Q: 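Let me give you the structure first, and then I'll get to my questions.
Here is the naming used below: chain letters follow the sequence lines, and residue numbers restart at 1 for every chain. Just so we're clear, the structure is a prediction, and the values are computed from it rather than from any experiment.
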2 protein chains.
Amino acid sequence: MTETSLRQDLQNLPRTDAALDRLVEEIIGRVADKWTMLLIEILTEQECCRFGELSRACTGISQKMLTQTLRAMERDGLVTRTVYPVVPPKVEYRLTDLGLGLSKAFCGVWIWAEANFEKIEKARSDYAAKATVQDPS
Amino acid sequence: MTETSLRQDLQNLPRTDAALDRLVEEIIGRVADKWTMLLIEILTEQECCRFGELSRACTGISQKMLTQTLRAMERDGLVTRTVYPVVPPKVEYRLTDLGLGLSKAFCGVWIWAEANFEKIEKARSDYAAKATVQDPS
DNA sequence: CTCCATACTCTCTTTTTGGTAAGTATAAAT
DNA sequence: ATTTATACTTACCAAAAAGAGAGTATGGAG
């Protein structure tokens, strides 16, 4: 099923709980993405950024991914994109209130990750050790 | 760079802020995943589930993805996997404390998505309308 | 003897994702 | 006349993700 047909389904069907859940899940899937979250963090720290600034601040992202991610965020109403008709081009991005709300909501997950990364690392090495013992190829 | 070599780097290098950030980002990337989040929700609601129950509760997931996701969650210490040596096989999954913590942290994002899906839909239709006007192919 | 149930695993194929590199537009600076 | 700067877009290719479907192991029921 395409994204568009999914959205149409969701618009035309009676809004059952199940349909609503699907929509919410789709949004979670869209938003729970590494680059999206990193960009939200950057734009939370520095309110207003040009394309080049974001590119430098977001280590490892390619131009293509940066453009794609920013477009998707704009489409979903998380950022605004302001184009200044000058040469060379100048485009500014900033979070909307919606984007800021997501930033705050996701903050809990960052905190969790920062508070628990040692436990996760330990779980991983325990798991690896167990696998090695049971399967000594 | 492989996952393993990344982890080794992170273990051997002095824990600079940047290295820590990378680790936290990797965890966010791992964990901010549709199926992982859905399974955490299911296991939050019903503490203890067998493979087949999860498969039925998690609409649309394939066996392969379910196995993969559960293994990754087990590896990261989010769930426990208990195998009963009976025929036919019986395996039970439940959240660890770590998994429960993530469940709580991510809860904010679910709430945000449920509270704001209408705004997001509106943003999307506005964006689509704008694109149609500017580019009437 | 055959079938069933369960929780996988394996193989094959398709789809999606993401990277690289080149191209575009244009005014100002050299 | 050539270069520079910026924010892209496009085309092409490789890698990764994900789905479909068959296979596996085994004790008990019929």
Q: Which residues in residues 34-57 of chain B have a heavy atom closer than 4.0 Å to any atom of DNA chain C?
A: B/Arg50, B/Phe51, B/Gly52

Q: For residues 32-41 of chain B, which side-chain N or O atoms pair as donor and acceptor with protein atoms under 3.5 Å away, sequence neighbours left out?
A:
unit_1: B/Asp33; atom_1: OD2; unit_2: B/Trp35; atom_2: N; d: 3.3
unit_1: B/Asp33; atom_1: OD2; unit_2: B/Thr36; atom_2: N; d: 2.9
unit_1: B/Asp33; atom_1: OD2; unit_2: B/Thr36; atom_2: OG1; d: 2.8
unit_1: B/Thr36; atom_1: OG1; unit_2: B/Arg30; atom_2: NH2; d: 3.2

Q: Give the other cluster members for A/Tyr127, using side-chain heavy-atom distances under 4.5 Å between Ile, Leu, Val, Met, Phe, Trp and Tyr residues; answer none if it is isolated.
A: none

Q: Listed by chain and number, what are the side chain to side chain donor-acceptor pair (under 3.5 Å) partners of B/Lys90, not counting sequence neighbours?
A: none

Q: For A/Asp126, enumerate each residue passing the side chain to side chain donor-acceptor pair (under 3.5 Å) test, keeping only those at least two apart in sequence or located in another chain.
A: A/Lys122

Q: Kindly give the cluster partners of A/Ile111, where membership spreads through any ILVMFWY side chain lying under 4.5 Å from a current member.
A: none

Q: List in chain and number order the residues that pass side chain to side chain donor-acceptor pair (under 3.5 Å) with A/Thr44, two or more places apart in sequence or in another chain; answer none if no residue qualifies.
A: A/Ser103

Q: Please find the earliest and latest nucleotides of DNA chain C, in the 5' to 3' direction, that have an atom within less than 4.0 Å of any heavy atom of chain B.
A: C/dA5 to C/dT9

Q: Without placing hydrogens or testing angles, list every side-chain donor-acceptor pair under 3.5 Å for residues 92-101 of chain A, not counting sequence neighbours.
A:
unit_1: A/Glu92; atom_1: OE1; unit_2: A/Tyr84; atom_2: OH; d: 3.1
unit_1: A/Tyr93; atom_1: OH; unit_2: A/Arg81; atom_2: NE; d: 3.2
unit_1: A/Thr96; atom_1: OG1; unit_2: A/Gly77; atom_2: O; d: 2.6
unit_1: A/Thr96; atom_1: OG1; unit_2: A/Leu78; atom_2: O; d: 3.1
unit_1: A/Thr96; atom_1: OG1; unit_2: A/Leu98; atom_2: N; d: 3.3
unit_1: A/Thr96; atom_1: OG1; unit_2: A/Gly99; atom_2: N; d: 3.0

Q: N/O contacts under 3.5 Å, protein versus nucleotides 9-13 of chain D?
A:
unit_1: D/dT9; atom_1: OP1; unit_2: A/Arg71; atom_2: NH1; d: 3.0
unit_1: D/dT9; atom_1: OP2; unit_2: A/Arg71; atom_2: NH1; d: 3.4

Q: Suppose the criterion is salt bridge (Lys or Arg N to Asp or Glu O under 4.0 Å): which pairs have a residue in residues 55-74 of chain A, not counting sequence neighbours?
A: A/Arg71-A/Glu74, A/Glu74-B/Lys130

Q: Mind grabbing the angle between the end helix axes of the helix from C/dC1-D/dG30 to C/dT30-D/dA1? Five pairs an end, 10° rounding.
A: 30°

